[in-house]
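All remarks here apply to the structure that follows.
Hydrogens, waters and symmetry mates play no part in the numbers below; they use all other heavy atoms, side chains included. Positions are given from 1, in the same order as the sequence printed here.
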Amino acid sequence: MPSAFDRKELRSYARSKRSEYEAVLKKIVEIPSVSVEPERKADVRRAAEYAVSLLKSFGGKAKLYETKGHPIVHGRFDRDPKYPTVTVYNHLDVQPAEGPDWKTAPFDFIRKGDRYLGRGTTDDKGPAITALFGARYALEKKVPVNVHFLWELEEEIGSPHFETAIRAQARAFATDSVVVSDTVWVSRSRPACPAGLRGLQGFRFELQTGETDQHSGTAGGAARNPVTELCALIAECVDGKTGRVKIPGFYSEVVPPTKKELADLKKCGFTVKDFKRDHLFRSLRVNDALEVMKRIWTMPTFEVHGIAGGYQGPGVKTVIPPKATAIVSCRLVPEMDPKRIVRIVRAFVKKRNPDVKVSAEHALAPYKGKTTGPYADAIRGAMKFAFGKEPVFVREGGSIGAIVSMERVLKSPVFFLGLSLPEHGYHAPNENFDWPQAEGGIAAFADYLRRVGEMKK
Ligand SMILES: [Zn+2]
């Protein structure tokens with residue numbers, strides 16, 4: 001077993017495999033595995049079947065596992081039960097792709113110099129194939145690890161069957177750690193790994209005060225107006241200007257970022273200008289970069305997604321509506337318990353407006369990763385080895401249900417080794433990936449596996 005890899009040799013190995021890499025990526029990108037579209041069900045399956053044959057062609061054992069939705073794929077390169085097992089998670093389903101903004105056919109794999117265009121190239125087929133090539137190098141070099149691949153085909157629809165499926169296979173999928181490659185750096189200049197994801201708790205607030213529309217001339221003044229009452233209730237829950245949640249106890253479980261985390265945020269390459277441009281915002285609540293990052297990654301929110309009720313047509317129709325609905329959700333940060341949030345929101349609404357019916361909608365627990373310890377050090381070392389710079393540990397504002405499921409069911413720590421860049425157009429038209437990220441990624445995965453192999457099981 002090598003005590004270190006030679007960066008030059010590994011890079012030139014990656015380059016020697018480039019045409020093979022591109023052929024594999026082309027094959028998988030050209031299977032339109034759009035998990036949300038029922039008419040693509042056969043294509044999603046075809047992607048899973050291709051993935052099984054690909055893992056086998058690399059010398060692994062691989063199997064397709066049925067779920068109540070799309071299948072999942074598990075591949076294994078087992079060397080010795082005494083060695084630590086690393087499971088690499090990626091997903092092979094993709095977002096829908098159509099519309100006039102695509103400059104090329106989304107399911108044609110097109111190479112333009114170092115750039116690879118096509119739906120799924122960066123999210124998440126390119127990183128999946130990159131990890132596979134990196135693992136092959138590590139295994140050829142006799143690194144003492146067992147490497148498993150867990151490839152999901154329902155990530156883009158919220159992983160509805162993933163937890164049940166891995167629970168049913170908990171023994172076959174047993175692992176010592178998981179590494180996920182499905183995240184985006186903050187900027188090309190600096191590798192970044194998320195060390196936490198926000199969770200989510202959705203709500204519907206409904207208020208009914210009558211049976212039909214009434215005339216504001218004849219009843220207005222005495223009649224209750226459910227739209228107005230919901231607006232008042234929401235204003236009691238959250239300060240619209242600052243976003244500060246006013247429900248007592250809402251912030252009590254929030255763990256503030258450590259000094260080291262804040263230092264990492266400061267050097268991750270985030271700028272308010274890019275953030276505003278990427279999201280087409282005219283203005284923000286705050287204009288300081290660190291404050292924006294703290295708000296989108298490390299703080300919970302109370303957001304109103306829509307209020308429905310009353311007249312929505314042209315002109316003014318002077319009705320008093322009989323009922324109104326507000327769709328609300330809270331993004332949750334590590335240590336916040338969705339069930340407790342449901343309890344305190346219900347209790348608060350009951351006190352302020354007992355006629356409002358609160359229904360709790362779907363929940364996702366937040367995820368807190370580790371930024372210290374041997375695995376985090378292995379990620380740091382491997383990224384530095386491959387890309388020349390240590391990664392910064394940041395957070396993600398969104399939620400990935402599969403991560404929490406893997407931690408819970410496989411009882412293994414989960415780490416991130418993402419390779420995508422902001423300019424790759426995650427979920428956007430003209431999605432792309434590039435060879436420098438693939439070449440660096442092959443080196444990073446090989447070196448990460450070598451470092452994990454050095455750990456005692
Ligand atoms: Zn993804």
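A cation-pi arrangement is present between Arg244 and Tyr251, with the terminal nitrogen or guanidinium carbon under 6.0 Å from the aromatic centre and inside a 45° cone about the axis.
Remark: the backbone N or O of Asn430 is paired with a side-chain donor or acceptor of Asn432 at under 3.5 angstrom. Remark: the backbone N or O of Asn90 is not paired with any side-chain donor or acceptor of Asp182 at under 3.5 angstrom. Judged by distance alone, with hydrogens and angles left aside, the side-chain atoms of Ser181 form a donor-acceptor pair with the main-chain N or O of Leu417 at under 3.5 Å. Judged by distance alone, the side chain of Ser420 and the main-chain N or O of Thr122 form a donor-acceptor pair under 3.5 Å. Between the Arg7 side chain and the Glu9 main chain, no donor and acceptor come within less than 3.5 Å of each other. Checked by atom type and distance alone, the side chain of Arg451 never pairs as donor or acceptor with a backbone atom of Asp377 at under 3.5 Å. For the pair Gln95 (side chain) and His427 (backbone), a donor-acceptor distance under 3.5 Å is absent. Judged by distance alone, with hydrogens and angles left aside, the side-chain atoms of Glu439 form no donor-acceptor pair with the main-chain N or O of Ala14 at under 3.5 Å. One N or O on the side chain of Asn146 and one on the backbone of Tyr83 form a donor-acceptor pair closer than 3.5 Å. A donor-acceptor contact shorter than 3.5 Å is absent between the side chain of Thr121 and the backbone of Leu117.
Ring planes of Phe302 and Phe205: tilted class, angle from 30 to 60°. Using a 30° and 60° split on the angle between ring planes, Phe5 and Phe385 fall in the tilted class, from 30° to 60°.
Between Ser33 and Lys125, the side chains place a donor N or O and an acceptor N or O closer than 3.5 Å (distance only, hydrogens not considered). Under the 3.5 Å distance criterion, with hydrogens and angles disregarded, no donor-acceptor pair is assigned to the side chains of Thr85 and His148.
Under 4.0 Å is where a charged nitrogen must lie from a carboxylate oxygen, and between Arg18 and Glu22 at least one such pair does.
One finds the CD1 atom of Ile327 at 9.0 Å from the OG atom of Ser359 (value rounded to the nearest 0.5 Å). Annotation: the span from Leu10 atom CG to Ile442 atom CD1 amounts to 8.5 Å, rounded to 0.5 Å. Atom CG of Leu55 sits about 14.0 Å away from atom NZ of Lys63, to the nearest 0.5 Å.
Pairs passing the salt bridge (Lys or Arg N to Asp or Glu O under 4.0 Å) check and including a residue from residues 85-108, sequence neighbours excluded, do not occur. The salt bridge (Lys or Arg N to Asp or Glu O under 4.0 Å) pairs that include a residue from residues 326-346 are Glu253-Arg340, where partners are two or more places apart or lie in different chains. Listed by first then second residue, pairs satisfying salt bridge (Lys or Arg N to Asp or Glu O under 4.0 Å) with a partner in residues 35-47 read Glu37-Arg40, Arg40-Asp43, Asp43-Arg46, Arg45-Glu49, Arg45-Glu66, not counting sequence neighbours. For residues 169-192, the pairs satisfying ring pair (Phe, Tyr, Trp, His ring centres under 6.0 Å) are Tyr65-Phe173, His74-Phe173, Trp185-Phe387, with sequence neighbours left out. The stretch residues 20-42 participates, sequence neighbours left out, in these ring pair (Phe, Tyr, Trp, His ring centres under 6.0 Å) pairs: Tyr21-Phe133, Tyr21-Trp435. Applying the salt bridge (Lys or Arg N to Asp or Glu O under 4.0 Å) rule to pairs touching residues 421-433 yields Arg119-Glu431, Arg188-Glu423, sequence neighbours excluded.
Take Ser53 and apply the side chain to side chain donor-acceptor pair (under 3.5 Å) test, not counting sequence neighbours, and it matches no residue. Applying the ring pair (Phe, Tyr, Trp, His ring centres under 6.0 Å) criterion to Phe415, with sequence neighbours excluded, gives Tyr375. Taking His279 as the reference, Phe275, Phe281 meet the ring pair (Phe, Tyr, Trp, His ring centres under 6.0 Å) condition, with sequence neighbours excluded. With sequence neighbours left out, His91 forms a ring pair (Phe, Tyr, Trp, His ring centres under 6.0 Å) with no residue at all. Applying the ring pair (Phe, Tyr, Trp, His ring centres under 6.0 Å) rule to Phe433 yields the partners His424; only residues at least two apart in sequence or on another chain are considered.
No more than 12 heavy atoms of other residues, nucleotides or ligands shown are found within 6.0 angstrom of NZ on Lys350. The local environment of NZ in Lys368 is crowded, with over 12 non-hydrogen atoms from other residues, nucleotides or ligands closer than 6.0 Å.
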Side-chain donor/acceptor pairs under 3.5 Å, residues 388-397, sequence neighbours excluded:
residue, atom, partner, partner atom, Å
Lys389, NZ, Ser189, O, 2.9
Arg395, NE, Glu261, OE2, 3.3
Arg395, NH2, Glu261, OE2, 3.1

query = Can you list the steps and then say if His305 with Glu303 is a side chain to side chain contact (heavy atoms under 4.5 Å, CB included)?
reply = CA-CA 6 Å; His305 307 297; Glu303 213 71 67; 3.8 Å; yes
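When all heavy atoms of Pro366 and Pro338 are compared, the pair lying nearest together is CD-CD, 4.5 Å.
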